[in-house]
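Reviewing the structure listed below.
Just so you know, ligand 1 is whichever comes first in the structure, and atom 1 is the first atom listed for that ligand.
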Amino acid sequence: MESVLHTRLAGLPEPRVGKVREVYDLGRDLLIVATDRISAFDVIMANGIPGKGRILNQLSAYWFRALSNVCPNHMISSDAATIEALFAEPHPELIGRSMIAKRAKPLSIECVARGFITGSLFKEYKASGGRIHGLDLPDGLEESSKLPEPIFTPATKATEGHDENISFKQAADLVGTETVEKVRDWTLEIYRRAANKCADAGIILADTKFEFGETEDGLIWIDEALTPDSSRFWDASRYSPGHSQPSYDKQFVRDFLESIRWDKRPPGPALPADVVERTYAKYLEAFRRLTGLVAPE
Ligand SMILES: Nc1ncnc2c1ncn2[C@@H]1O[C@H](COP(=O)(O)OP(=O)(O)OP(=O)(O)O)[C@@H](O)[C@H]1O
Ligand SMILES: [Mg+2]
């Protein structure tokens with residue numbers, strides 16, 4: 001299997017190209033294509049993980065379907081025949097990795113739910129002596145501790161660099177109180193349901209990031225849903241608080257990059273075949289454990 005690293009679709013305007021996905025304007029709707037690109041430390045590696053984009057797209061589709069009763073979402077179809085029918089020519093490279101989505105106007109905040117404290121929030125917790133403005137966190141949390149209750153921590157969308165955590169009040173100033181209350185409630189409800197499903201599969205959903213957008217028919221959940229790119233998944237059998245946890249999906253990539261003492265500056269190096277294979281196996285394992293399906297289509 002070859003990696004799909006880029007797509008170009010004649011007849012459509014150039015896509016908006018993110019680190020992993022390419023978003024095409026279909027006129028009324030959007031076509032979101034998940035490539036096989038993989039990033040580590042925010043840099044894209046020279047080669048891809050063949051099949052990774054299909055797994056990511058189908059995981060999103062799985063969650064959008066499973067959680068469609070919590071709130072409306074943007075998924076219209078990820079069905080092969082429907083995607084093929086968009087084009088006069090065959091596009092086998094798109095199959096399994098594409099979703100037709102309802103266009104929305106993305107809110108200017110990212111909505112993060114956390115059940116465990118790690119990453120940027122743990123850094124802020126340490127730096128502030130446990131007093132993060134607007135969050136009532138207990139004293140004495142260690143890195144990767146479980147929080148007493150899942151919390152909502154909105155962030156700004158940085159066009160460059162890392163998103164920045166903001167308070168609920170700052171988020172309300174950006175999108176309005178009514179909107180932020182609604183997306184907070186949705187974010188926490190999606191997190192709770194997904195975390196329970198993950199727990200049944202032996203996976204800890206440490207935290208996850210959502211986007212919501214405005215449409216004529218009101219707010220909807222957009223972008224991706226609970227993928228390894230938007231979430232921290234930990235293997236429950238290896239969980240031990242007090243330090244950072246191994247990444248479920250990218251650990252082999254990170255270990256390799258460390259072994260070659262890469263300086264974390266672009267361009268990313270090429271990953272050797274065994275790292276590619278073992279990384280794909282982790283994505284596939286996550287897909288199987290979470291969806292109960294054997295393989296993506
Ligand atoms: N239904 C939708 N309507 C409008 N925009 C959407 C919709 N779903 C996703 N988007 C936008 O499409 C983009 C998805 O692209 P992608 O995630 O690949 O890039 P990115 O977020 O800019 O960069 P990164 O690679 O850091 O994630 C995001 O900007 C997201 O806000
Ligand atoms: Mg994104």
Side-chain angles (χ1 to χ4, degrees), residues 3-9 12-45 48-49 52-61 63-65 67-68 71-78 83 86 94 97-113 119-120 154-164 171 174-175 179 183 186-187 190 207-232 249-250 253 264 266-268:
S3 278
V4 173
L5 289 181
H6 302 281
T7 60
R8 281 303 169 265
L9 302 173
L12 290 180
E14 289 286 295
R16 178 208 155 106
V17 176
K19 278 197 289 294
V20 171
R21 287 171 302 153
E22 310 198 325
V23 182
Y24 289 90
D25 190 341
L26 295 176
R28 193 185 41 149
D29 304 323
L30 300 176
L31 182 70
I32 304 182
V33 182
T35 70
D36 292 329
R37 296 194 291 264
I38 186 167
S39 68
F41 306 107
D42 284 332
V43 178
I44 298 158
M45 302 294 110
I49 307 291
K52 166 182 177 274
R54 295 157 78 108
I55 289 182
L56 290 199
N57 180 54
Q58 290 178 46
L59 256 184
S60 273
W63 289 113
F64 279 136
R65 221 170 278 130
L67 299 170
S68 63
C71 63
N73 66 60
H74 75 172
M75 183 164 74
I76 296 172
S77 176
S78 61
I83 305 287
L86 293 172
L94 297 182
R97 64 175 74 248
S98 310
M99 185 180 293
I100 303 173
K102 188 168 175 181
R103 181 201 303 276
K105 186 165 174 287
L107 296 184
S108 57
I109 57 168
E110 309 261 6
C111 295
V112 181
S120 62
T156 57
K157 277 189 194 168
T159 31
E160 250 173 61
H162 289 290
D163 302 339
E164 199 183 316
L174 284 170
V175 301
T179 298
V183 296
W186 283 352
T187 296
I190 298 168
D207 54 38
T208 185
K209 183 181 85 181
F210 305 118
E211 288 195 44
F212 298 91
E214 302 272 11
T215 70
E216 278 176 3
D217 309 318
L219 275 178
I220 61 170
W221 178 15
I222 63 169
D223 203 49
E224 58 185 326
L226 297 142
T227 71
D229 282 359
S230 65
S231 321
R232 283 194 181 91
D249 51 308
K250 285 188 188 158
V253 175
K264 299 186 185 167

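- Residues satisfying the salt bridge (Lys or Arg N to Asp or Glu O under 4.0 Å) test with R28, not counting sequence neighbours, are none.
- One finds a salt bridge joining R8 and E22 here, because a Lys/Arg side-chain nitrogen approaches an Asp/Glu carboxylate oxygen to under 4.0 Å.
- Ring pair W221/F210 is perpendicular by interplanar angle, where above 60° counts as perpendicular and below 30° as parallel.
- Between the H74 side chain and the I220 main chain, no donor and acceptor come within less than 3.5 Å of each other.
- Without hydrogens or angle criteria, W63 side chain to L226 main chain gives a donor-acceptor distance under 3.5 Å.
- The residues K102 and D217 are annotated as salt-bridged, a charged nitrogen and a carboxylate oxygen being separated by less than 4.0 angstrom.
- Ligand 1 lies under 4.0 Å from heavy atoms of R16, G18, K19, R21, V23, L30, I32, H74, K102, R103, A104, P106, E211, I222, D223.
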